[in-house]
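Let me begin by presenting the structure, written as structure tokens, before commenting on it.
Below, chain A is the first sequence line, B the second, and so on; all start at residue 1. Atoms considered below: every heavy atom in the structure, side chains included; atoms not considered: hydrogens, waters and symmetry mates.
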There are 2 protein chains.
Amino acid sequence: MAVTLHDVATLAGVSIKTVSNVVNDYKHIRPTTREKVLAAIDTLGYQPNISARSLRSGKTGVIGLALPELSLSYFAELADAVIRAAERRHLVVLIEQTAGGDREREIEMLSSPRLQLTDGLIFSPLGMSSDDVGYLNVSYPLVLLGERIFGGPTDHVTMRNVEAAKAATAHLIARGRTRIAVIGAHEGEVVGSAALRLRGYLDALAEAGIEPDESLIRYVGLWHRLDGAQAMHELLDSGVEFDAVFGLNDTLALGAMRVLQESGRRIPDDVAVIGFDGLDETKYSLPTLSTVDPGRDEIADMAVDVLVERIANRDAPPRQYLTDFSVIGRESTAD
Amino acid sequence: MAVTLHDVATLAGVSIKTVSNVVNDYKHIRPTTREKVLAAIDTLGYQPNISARSLRSGKTGVIGLALPELSLSYFAELADAVIRAAERRHLVVLIEQTAGGDREREIEMLSSPRLQLTDGLIFSPLGMSSDDVGYLNVSYPLVLLGERIFGGPTDHVTMRNVEAAKAATAHLIARGRTRIAVIGAHEGEVVGSAALRLRGYLDALAEAGIEPDESLIRYVGLWHRLDGAQAMHELLDSGVEFDAVFGLNDTLALGAMRVLQESGRRIPDDVAVIGFDGLDETKYSLPTLSTVDPGRDEIADMAVDVLVERIANRDAPPRQYLTDFSVIGRESTAD
DNA sequence: TTATGAACCTACAACGTTGCAGGACAACAA
DNA sequence: TTGTTGTCCTGCAACGTTGTAGGTTCATAA
């Protein structure tokens, strides 16, 4: 059925190896020979067998991308960006979902035989924590994304969470807001997106000389829209005064915004709202949502680059890479 | 570096083939031998080399999924469902994006050597049309999704678009609405989601004895939120009266809803709105959006099943499979 | 006792490719 | 002339696996 080097070689009247050389752009080939071979390849419609090539070379041209779940917009947009970045480098992406970031699933995934197909993995953990850092000692090239785990034995690409959250908070302060609620904190967390962004929030308050108010900090379990909505309900019920909300991600902010509107508050007049992540969706909400763009394309590009380098050179010491961010002001924080 | 059958065989004191037999659950193996081998596998941490296995067997355990782009929620949720469905069958999914549904890219993708890695493809076209049906004559197992192309030479999984759109429209009519605008029609289209859903809309009107009004049918280019918003602007500017809106997909409906609210209309009091696709997001909008659930999980399950069958039996005639749908009433069409 | 067949195990070849080593030939310098 | 260098091409072996065919052992039946 399938056309092999052998078939091409026979038709072109050369050896198998010469065909292979042509296919792989080997230098020392007479132009006439090259053309004969290319013609044969063309008439037979030859395509190299990737399995055989992989077996021989040990490379597959596939990279893995493990993330909690594609239904979450943040990860869908991340996957989109990673696939595009990989494509530019002639790599193809195989996606593993870890059941919404289940710790056991993540650990299991790290040693899954399914990764055999892969030259390396880009991993965005959610359930695992720094305690699980030992599981990252894998035998294949691994690039870590996000803020769940620091100081692991692998390359790590992440954004400047503290600085970005500080900038988002400063954005609100610059618009005269002083009673800024923050939604999405995680009880007792030290690293992780929630903790880092909360720290940025506190830094900004400190810099502006605003006393932090614990009653303005709302804790949630997950970072879904429902959690944002519920946290806002609680905040409203508590009766505490506030004139701005910082959602530690866009989804939380959108959920909170909905509840604010239901309660009759005007955005941004009564309450200004800002999110975090730069989701596409924030451009279309009512009102449009100010947010922090973490530079997703840059993260994706960098992650793929770093992985490619790591595949080429496994002995280099692991490095940490930081991307740039930008605050995007929209209607929800308009003056 | 990597542990092979050979290493395991040496340690266990049996032949390579016996180890292979154990790994592949060959029946006639003495329990004691099996345990010896399993012990050796365990101590060495053996994992089969998938490239070699693929080369030998011609199967990779990978299926391709080609779709316009993951940033569009519909496709992100579809990909999520397909990956889950594939996982249940011990398959892994490789995702190809076709640049938002670019026709050239779709055609190119169909003969990409990247598909070599794959046992078959699930393809959700957007740019290609029924004129391009010839390009679907590929040599690998292919399952088509969606409504762009009918009557192709491949298996096809889709939903009952006409019936579902009719049901959505009837849902509005049952709530006393008679001036129902529809957003998202495609000029001159005959097949395709837009045309089919528009037909369902017209069928429902006809059944209720409502005369269709061409000025209530709004045409758009793409099905993004901005297009929905713009169509609604035009509709409002046109001054035509309406008491309900049927967005041919959820994104259009959400965009339209935003503009309706900006214009001061109350939903559903002044205007009822229903969408189509059952996006997760519709559960969280303000107000929550009524929609049609096309049974995405069922589509994904079926697509993977059909592909697996097709891989096993390439000679069976192509079939068309239809999934069930359900109308989900929410706040945007509440009585 | 031997014949029969099932249970268990093994050697060999092959899947399609590429690295390696080397051969044939031409061009050029000494 | 001979030696040297470079160009162009080839055969062989190997990557790790599984299908095929066949061999050995053992229990059971004749």
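Rounded to whole Å, atom P of dC8(D) lies 14 Å from atom NZ of Lys36(A). Lys59(A) places its NZ atom 12 Å from the P atom of dG19(C), with the value rounded to the nearest Å. Asp7(A) has its CG atom 13 Å from the C1' atom of dT17(C), to the nearest Å. Atom pair Ile29(A):CD1 and dA24(C):P shows a separation of 20 Å (rounding to whole Å applied). The distance between atom CD1 of Ile50(B) and atom P of dT18(D), rounded to the nearest whole Å, is 11 Å. Across the protein-nucleic acid pair, Ile41(B) atom CD1 and dT17(D) atom C1' stand 14 Å apart, rounded to whole Å. As a whole-Å value, the separation of His6(A) NE2 from dT17(C) C1' is 14 Å. Nucleotide dC12(D) holds its P atom 11 Å from the CD1 atom of Ile16(A), rounded to whole Å.
As judged by a 4.0 angstrom heavy-atom cut-off over every strand, Ser51(B) is placed among residues making no nucleic acid contact. Asn21(B) comes within 4.0 angstrom of a base, heavy atoms only. Residue contacts for Thr4(B): at a heavy-atom cut-off of 4.0 Å it reaches the sugar-phosphate backbone alone, with no base atom in range. Among the atoms of the strands shown, base atoms are found under 4.0 Å from some heavy atom of Leu5(A).
Dashed line: the shortest gap from a side-chain N or O of Tyr46(B) to OP1 or OP2 of dT17(D) is under 4.0 Å. Contact annotation: Ser20(A) reaches the phosphate of dT18(C) (side-chain N/O to OP1 or OP2, under 4.0 Å). The phosphate of dC9(C) (OP1 or OP2) has no side-chain N or O of Thr18(B) nearer than 4.0 angstrom. Residue Arg30(B) places no side-chain N or O under 4.0 Å from the OP1 or OP2 atom of dA7(C).
Over its length, the helix from dT1(C)-dA30(D) to dA30(C)-dT1(D) turns its helix axis by 60°, as judged from the five terminal pairs at each end, rounded to 10°.
The pair Arg148(A)-Glu106(A) does not count as a salt bridge, with every side-chain nitrogen at least 4.0 angstrom from each carboxylate oxygen. The pair Arg103(B)-Glu108(B) does not meet the salt-bridge criterion, since no charged nitrogen lies less than 4.0 angstrom from a carboxylate oxygen.
Looking only at atom types and distance, the side chain of Asp119(B) has a donor-acceptor partner in the side chain of Thr60(B) under 3.5 Å away. Side-chain contact of Thr158(B) with Glu147(B): a donor-acceptor pair under 3.5 Å is present, judged by distance alone.
Taking the side chain as every heavy atom from C-beta outward, Met302(A) and Val143(A) never approach each other to under 4.5 Å.
Paired with Val19(A) under the rule side chain to side chain contact (heavy atoms under 4.5 Å, CB included), one option of Val8(A), Asn24(A), Leu11(A) passes, and it is Val8(A).
Comparing Ser57(A) and His28(A) by the nucleotide of DNA chain D that holds the closest heavy atom to each, the one mapping nearer the 5' end is His28(A). Residues Pro48(A) and Lys27(B) each lie close to DNA chain C; by heavy-atom proximity, the contact nearer the 5' end of the strand is made by Lys27(B). Positionally, the nearest nucleotide of DNA chain D for Val14(A) lies more toward the 5' end than for the other of Val14(A) and Val23(B).
Here the side chain of Lys17(A) is nearest to one of dC9(D), dC20(C), dC8(C), namely dC20(C). Comparing dG16(C), dT18(D), dT18(C) against the side chain of Leu55(A) picks out dG16(C) as the nearest.
Between the side chain of Arg53(A) and the base of dT17(C), no donor-acceptor pair of N or O atoms lies under 3.5 Å. Side chain Arg56(B) to base dT18(D): a donor-acceptor pair is found below 3.5 Å.
Across all non-hydrogen atoms, the minimal contact from Leu55(B) to Ser51(A) is N-CB, 3.8 Å.
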### Message
Apply side-chain contact (heavy atoms from CB on, under 4.5 Å) to residues Leu144(B) and Ile149(B) and explain how you reach the verdict.
### Response
CA-CA 8 Å; Leu144(B) 205 65; Ile149(B) 303 178; 3.8 Å; yes

